[in-house]
Asks: 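Just dropping this structure here.
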Amino acid sequence: MKTNFNINNLVRDNIKNIQPYSSARDEFTEITSDMVFLDANENPFENGVNRYPDPQQQTVKSKLSEIKNISTENILLGNGSDEVLDLVFRAFCEPNKDNIIILPPTYGMYKVLANINAVEVKEVQLTTGFQPKTQTILLAANQNSKVLFLCSPNNPTGSSFSKVQIEKLLKQFKGIIVLDEAYIDFSKQESWLNRLEEFPNLIITQTLSKAYGMAGIRLGICYASKEIINVLNSIKPPYNVNELTQQKALERLSDSNRIQNEIKQIKSEKVKLQKELEVIDFVQKAYKSDANFLLIKVDDATKRYHQLVNKGIVIRNRTKEPLCENCLRITVGREEENEKLISVLKLLQIF
Ligand SMILES: *Cc1c(COP(=O)(O)O)cnc(C)c1O
């Protein structure tokens, strides 16, 4: 247990005493069928979405609580993880004063959100084995370093960070650690969710966009201490997760067999794809991946990228990212899609 940690020392002053917007739906939560709602200026004619959605998304949270074995008080939902991450910036980072630390190569949104919020970005590159340089990170931090972003499994590398290094950072970094677990359901590594209570400075983000197959509905999940969740709740837009999203999420979360089956298929396709990529003569390396994509190093990433686009296959060229020279990121698709990719790559071997 981390001692001497007080979340109030990290929250921005203007946020600490904020009076959140109280919506009509916030004031009345005990709903019975004989009640008449004339409080929110809604259109009274039923069409399935004429009412404002539950601002606290209680049914979705209860379902997640059941699946992940964590209290609903430790959950906040957002319009994608991107909204959750933005809330973290607005809660903890004073514009033009505070800074965050990121570990490139990593997910691009951390830096974009920092720039939008006028927050300085300190970058500490990963090792060539794509692991965090723990000592360098701790040395780079100062009293204005409010948030450290750890993405594990990481995008675009697909690698997971060592448990020992993550734990060291959780214990020694003085600010908030956001652990982005967008790809955790594809990973052999365990989620840090069951250790949340040990680390009052830990925010874990997950998403329905990847393993859960619902990128289109935009639902991001944040798990943290009650204290942190309360702060984020006080600044989130009241109706940030719409009714259709809540309904679809609930439906899908109740179908865990189907989700598990899809994850299994994606994982076995990934193993196949990796083997096949490794024997393509211009593929120098296919990195080990704990996610649903593979990072490969080729002879000339930009040339190969364009050749694939010309054959109607779109992947991601990551050659401009640090440590990713001539690297391409390939999402694992359905069997027939992966086969098409491989047959096109085989054809390209002669060019
Ligand atoms: C895809 C991805 C997300 C998901 O973001 P959403 O806004 O929830 O779709 C988050 N973090 C990382 C590292 C990702 O690659």
Side-chain angles (χ1 to χ4, degrees), residues 57 60-61 64 68 75-90 100-114 116-117 121 123 126 130 132 147-161 166 176-187 189 191-193 202-224 232 236-237 240-242 244-246 248-249 252-253 259 262-263 266 270 287 289-295 314-318 321-324 327-333:
Q57 310 100 17
V60 180
K61 282 185 189 168
L64 280 169
K68 301 282 178 175
I75 308 177
L76 175 124
L77 302 181
N79 184 359
S81 323
D82 293 344
E83 182 183 43
V84 171
L85 298 171
D86 188 52
L87 290 176
V88 172
F89 275 94
R90 292 198 277 153
I100 58 142
I101 303 178
I102 63 170
L103 315 181
T106 193
Y107 186 44
M109 275 309 283
Y110 312 138
K111 197 175 191 169
V112 170
L113 290 168
I116 292 170
N117 287 288
V121 180
E123 304 191 15
L126 296 174
F130 299 141
V147 189
L148 166 62
F149 287 90
L150 303 179
C151 187
S152 181
N154 189 27
N155 178 2
T157 61
S159 55
S160 294
F161 295 162
I166 294 178
I176 298 278
I177 292 194
V178 171
L179 180 57
D180 188 336
E181 291 191 335
Y183 299 98
I184 195 68
D185 295 287
F186 299 109
S187 172
Q189 301 277 330
S191 165
W192 283 76
L193 211 51
L202 173 60
I203 295 179
I204 297 173
T205 60
Q206 295 183 357
T207 177
L208 294 202
S209 297
K210 308 286 159 61
Y212 284 79
M214 306 207 88
I217 70 169
R218 313 302 302 125
L219 192 79
I221 311 160
C222 166
Y223 301 98
L232 298 179
K236 80 169 186 69
N240 62 329
V241 179
N242 73 67
L244 298 177
T245 294
Q246 294 189 42
K248 277 278 181 192
R252 178 87 175 163
L253 288 171
I259 298 166
E262 288 177 8
I263 292 173
I266 292 168
K270 177 175 69 177
Y287 292 91
S289 166
D290 265 341
N292 65 333
F293 56 82
L294 290 164
L295 188 75
V314 185
I315 58 168
R316 204 95 155 102
N317 185 358
R318 299 282 79 182
E321 297 295 310
L323 306 173
C324 295
C327 285
L328 299 167
R329 194 193 69 193
I330 301 170
T331 307
V332 179

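Note that ligands are numbered from 1 as they come in the structure, with each ligand's atoms numbered from 1 the same way.
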Asks: Within a distance under 4.0 Å of any heavy atom of Cys151, pick out the atoms of ligand 1 and give their elements.
Replies: 13 (C)
Asks: To which protein heavy atom is atom 5 (O) of ligand 1 closest, and what is the distance rounded to 0.1 Å?
Replies: Ser81 OG, 3.4 Å
Asks: Please identify which atoms of ligand 1 are closer than 4.0 Å to at least one heavy atom of Gly80.
Replies: 7 (O), 8 (O)
Asks: Quick one: does Ala215 get a heavy atom under 4.0 Å from ligand 1?
Replies: no
Asks: Can you list the ligand 1 atoms lying under 4.0 Å from a non-hydrogen atom of Lys210?
Replies: 1 (C), 2 (C), 3 (C), 4 (C), 14 (C), 15 (O)
Asks: I'd like to check which ligand 1 atoms, numbered from 1 as shown, lie under 4.0 Å from a non-hydrogen atom of Ala182.
Replies: 2 (C), 3 (C), 10 (C), 11 (N), 12 (C), 14 (C)
Asks: Decide whether an N or O pair under 3.5 Å exists between Tyr110 and ligand 1.
Replies: no
Asks: Any atom of ligand 1 sitting under 4.0 Å from a heavy atom of Arg218?
Replies: yes
Asks: Suppose I only count heavy atoms of Ser209 and a 4.0 Å limit; which atoms of ligand 1 are within that range?
Replies: 6 (P), 8 (O), 9 (O)
Asks: May I ask you to decide if the ring planes of Tyr183 and Phe186 are parallel, tilted or perpendicular, using 30° and 60° as cut-offs?
Replies: tilted
Asks: Do the side-chain N and O atoms of Asp290 and Gln189 include a donor-acceptor pair separated by under 3.5 angstrom?
Replies: no
Asks: Testing the basics here: between Ser81 and Thr207, what is the closest heavy-atom pair and its distance to 0.1 Å?
Replies: OG-CB, 3.4 Å
Asks: Could you check if a side-chain atom of Phe130 sits within less than 4.5 angstrom of a side-chain atom of Asn154, using non-hydrogen atoms only?
Replies: no
Asks: Look at Lys68 together with Glu181 and state whether they make a salt bridge at an N to O cut-off of under 4.0 Å.
Replies: no
Asks: Under 3.5 Å, is there a donor on one side chain and an acceptor on the other for Asn117 and Asp86?
Replies: yes
Asks: So, are Glu123 and Lys111 salt-bridged, with charged N and O less than 4.0 Å apart?
Replies: yes
Asks: Check ligand 1 against Tyr183 and write out every atom of the ligand that is under 4.0 Å from a heavy-atom position of the residue.
Replies: 1 (C), 14 (C), 15 (O)
Asks: Are any of the side-chain heavy atoms of Thr106 and Phe149 separated by less than 4.5 Å?
Replies: no
Asks: Nearest non-hydrogen atom to atom 12 (C) of ligand 1 belongs to which of Asp180, Asn292, Asp82, Leu219?
Replies: Asp180
